[in-house]
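Data first, discussion second: the structure below is written as structure tokens.
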Amino acid sequence: MTSASDRFDLAVVGAGPAGLAAAVAAADLGLHVTLLDAGERPGGQYYRHPAPGLGAARPEALHHGWRLFDGRAARLRTHERAGRVTYLASHHVWTVVRDAEADGQGEGKGEAEGPGGRGAWRLHAVVGPEEAPAMIRASAVLLATGAYERQLPFPGWTLPGVIGAGGAQAMLKSGLVLPGRRVVVAGSGPLLLAVAGSLAAAGARVPAVVEASGYLAYARELPALVRNPGKLAQGAAYGAGLLRRSVRLLSRHAVTEAHGADRVRAVTVSRLDHDWRPVPGSGRRVPCDAVAVGHGLVPQLELATAVGCAVRSCPDGTPALDFDADQRTSVPGIWAAGEAGGIGGAELALVEGELAAASVAYELTGTPRGRRTALVRRRERLRAFADAMAAAHRPGTGWTDWLDDDTDVCRCEEVPAGRIREAVAELGARDARSVKLLTRAGMGWCQGRMCGPAVACLAGGALLADRRPLSCPVPLKSLAELPPDE
């Protein structure tokens with residue numbers, strides 16, 4: 001347990017692949033590290049663990065690249081025992097602010113000091129189900145906050161049995177349960193292949209993987225493909241596994257409607273044109289009792305944008321953090337790694353975590369960065385493939401044609417597409433924020449994380465990174481107890 005007097009060289013937010021790799025690498029380099037994560041066990045969304053009570057004998061069977069995680073998790077435990085890493089589970093960081101005590105004591109106000117100095121940043125968190133307050137001080141901060149799923153609504157998507165593709169995988173990995181017996185996997189992006197393969201291997205019948213993009217789009221990015229033969233082999237392995245289980249792959253198709261009363265009983269699958277508009281007369285009905293749907297991931301940036309970190313637009317239209325070759329953001333003292341810089345997968349996240357740790361150690365202590373050149377080259381190679389992947393699966397603007405006016409776009413506030421279209425056509429809304437003020441779309445519990453991409457598209461604008469003072473719900477008591485300078 002930490003106290004307000006504890007100060008660390010580096011605070012890592014997020015214990016997924018990037019954060020875990022960064023924490024153990026920084027400790028290897030002699031830094032005093034704290035690793036904060038909202039989850040109960042390290043691994044993040046990617047390396048989910050079955051609940052202990054389920055008695056899973058081989059959790060690694062549900063994961064790709066488990067060995068890479070297991071080795072780092074063992075190093076984390078070793079560093080914990082040695083006192084080099086303090087791992088804080090169930091800590092949901094809701095803001096990062098400059099440490100007023102440190103500001104003004106060094107020569108450069110707000111600059112990160114050495115490991116013996118006072119911390120330059122304060123991280124505030126709520127802890128566990130009781131939401132107890134916690135505060136951590138650190139000289140440097142590394143944000144590895146991951147991402148969440150992008151959903152594009154369609155008629156019937158609020159029916160029980162329609163879940164996120166990542167949600168279906170989470171159910172299987174952490175709960176050892178299937179979302180249904182006959183599951184249609186739909187949306188866009190390489191995650192669909194992994195999800196379909198996992199569900200089929202666990203005993204579900206997957207009648208189809210419905211991919212809205214066309215895989216021929218990858219041909220336009222041939223140099224990135226050639227530089228990453230391992231990624232091609234991985235995709236081929238997923239495809240071969242689906243073929244063995246008679247799973248049909250439908251590219252340039254989408255689930256455009258879900259049918260059922262008490263739960264989903266079937267979906268309509270339609271062929272799409274190059275702008276993702278449904279081709280008239282192409283719809284076919286596919287029986288199912290569950291739908292796992294997702295259109296890629298969106299970087300989670302609330303902590304970074306609140307402190308002023310610059311963002312860039314990725315090839316798939318999502319905002320991501322803009323950082324330099326050493327993973328530094330535009331704010332001195334703040335580094336980032338993993339999906340926050342653009343969706344690229346676990347392998348890229350591990351590389352970026354190690355690179356960021358080496359950069360922090362060099363800046364704080366002057367530790368030589370012996371592997372920097374190799375890590376940068378590997379990062380650039382993997383990032384090139386990630387950008388090619390994002391470009392290939394960028395949603396077409398015509399997907400809104402499969403929405404009728406009664407389809408709820410914002411599930412939390414039950415705002416239908418018709419009301420959003422009215423706000424744009426008749427009330428002059430030109431972006432998601434204007435629509436939010438006029439319709440309440442995005443004002444619910446998820447704060448626009450679920451409906452944000454759809455609302456932005458219906459409003460005719462780009463998906464922008466929000467600046468939020470709080471990255472999660474915080475009890476008023478925790479805010480009232482903050483010191484006056486915060």
Legend entry - Reference residue Glu413; test salt bridge (charged side-chain N to carboxylate O under 4.0 Å, His left out); the match among Lys436, Arg419, Arg440: Arg440
Inset, instruction - Measure the spacing between SG of Cys288 and CZ of Arg181 and express it to the nearest 0.5 Å. - result: 14.5 Å
Legend entry - Expected output: side-chain Ser478 to main-chain Val474 donor-acceptor under 3.5 Å: no
Inset, instruction - Measure the acute angle between the ring planes of Trp276 and Trp402, then classify it against the limits of 30° and 60° as parallel, tilted or perpendicular. - result: parallel
Inset, instruction - Let me know which of Leu249, Val184, Leu250 forms a side chain to side chain contact (heavy atoms under 4.5 Å, CB included) with Val209. - result: Leu249
Give a yes or no on whether a salt bridge exists between [X] and [Y], defined as a side-chain N under 4.0 angstrom from a carboxylate O.
| X | Y | result |
| --- | --- | --- |
| Arg378 | Glu354 | no |
| Arg252 | Glu211 | no |
| Asp99 | Arg137 | yes |
| Arg277 | Asp401 | yes |

Legend entry - Residues that Tyr148 engages under ring-ring contact (aromatic ring centres under 6.0 Å, His included), provided they are two or more places apart: none
Inset, instruction - Would you please name every residue forming a ring-ring contact (aromatic ring centres under 6.0 Å, His included) with His124, sequence neighbours left out? - result: Trp94
Inset, instruction - List in chain and number order the residues that pass side chain to side chain donor-acceptor pair (under 3.5 Å) with Asp324, two or more places apart in sequence or in another chain; answer none if no residue qualifies. - result: Arg328
Inset, instruction - Mark yes or no: Lys173 above the aromatic ring of Tyr47, with NZ or CZ under 6.0 Å from the six-membered ring centre and no more than 45 degrees from the axis. - result: no
